[in-house]
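These notes concern the structure reproduced below.
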Amino acid sequence: MHELYIAQNIKTSMEQYILENGLNSIKVIHLKLGEMSMVVPELVVENFDIIKKGSKLKDTVLKFEKVPIRIKCNDCKKEGYLKLSTICCPYCSSMNIEIISGDQFFIDCIEY
Ligand SMILES: [Zn+2]
């Protein structure tokens, strides 16, 4: 039910945004989706479509952009992109890595 929780969060924060900015509705919500966040976009849309009914977000469309997992290696000091199935540096195979981006899920921008 992770995705329902996310859909509810989007709805709550966007309704707040509509209120604060005196808008009538929002056309598109662009979301950044880190590959590591394990969120299924289709399920977020499905849940959002159900809960948005009757609200000011009833015609709002969600759009997702995937963000690859970017890491920094603490051993060879290189930066690179991680493949989803691996957890080591793509250059030296060290597991002493830091994730720079790709583990988050957030609202990027809004069209209204
Ligand atoms: Zn490395």
Side-chain angles (χ1 to χ4, degrees):
M1 293 311 270
H2 192 46
E3 281 79 6
L4 175 59
Y5 176 74
I6 289 168
Q8 275 167 341
N9 266 342
I10 296 169
K11 181 169 178 277
T12 307
S13 56
M14 286 301 100
E15 280 178 334
Q16 182 74 19
Y17 186 88
I18 285 176
L19 216 63
E20 283 171 1
N21 294 280
L23 306 173
N24 288 319
S25 65
I26 290 173
K27 277 194 196 119
V28 187
I29 303 170
H30 293 270
L31 300 137
K32 292 257 191 193
L33 179 64
E35 280 186 352
M36 210 171 167
S37 65
M38 298 298 178
V39 174
V40 183
E42 292 78 14
L43 287 180
V44 177
V45 170
E46 213 172 273
N47 282 297
F48 187 75
D49 283 349
I50 295 167
I51 62 171
K52 75 180 183 182
K53 280 178 191 153
S55 78
K56 284 193 169 178
L57 299 168
K58 62 182 190 309
D59 298 319
T60 306
V61 177
L62 301 184
K63 282 190 180 166
F64 294 88
E65 188 189 326
K66 289 216 170 169
V67 180
I69 306 163
R70 190 164 171 80
I71 59 107
K72 183 173 188 289
C73 179
N74 288 322
D75 286 332
C76 71
K77 308 293 177 197
K78 285 183 182 164
E79 288 186 12
Y81 291 102
L82 200 66
K83 288 220 172 70
L84 198 54
S85 51
T86 60
I87 47 157
C88 59
C89 172
Y91 306 103
C92 70
S93 297
S94 166
M95 285 175 73
N96 186 13
I97 55 170
E98 276 173 50
I99 290 160
I100 302 169
S101 62
D103 58 341
Q104 289 162 315
F105 178 78
F106 59 92
I107 294 167
D108 183 38
C109 65
I110 297 159
E111 287 173 41
Y112 52 82

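In listed order, ligands and their atoms are each counted from 1. Positions are given from 1 along the sequence. No experiment lies behind these values; they were computed from the predicted model shown.
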For this session: Give a yes or no answer on whether the side chain of E3 reaches the backbone of V40 with a donor-acceptor pair at less than 3.5 Å.
Result: yes
Seminar exercise, completed: Heavy-atom nearest pair, S93 first then C88, reads O-CB, 3.5 Å
Seminar exercise, completed: With I18 as partner, the option from L57, N24, I110 fulfilling side chain to side chain contact (heavy atoms under 4.5 Å, CB included) is L57
For this session: Identify the residue among I26, V28, D49 that makes a side chain to side chain contact (heavy atoms under 4.5 Å, CB included) with T60.
Result: I26
Exercise. Above 12 or not: heavy atoms from other molecules or residues under 6.0 Å from CG of L23?
Worked result: yes
Problem set entry | Heteroatoms of the protein, restricted to N/O/S, which lie under 2.8 Å from the Zn ion (ligand 1) | C73 SG, C76 SG, C89 SG, C92 SG
Exercise. How long is the span from the CD1 atom in I10 to the CZ atom in F48, to the nearest 0.5 Å?
Worked result: 6.5 Å
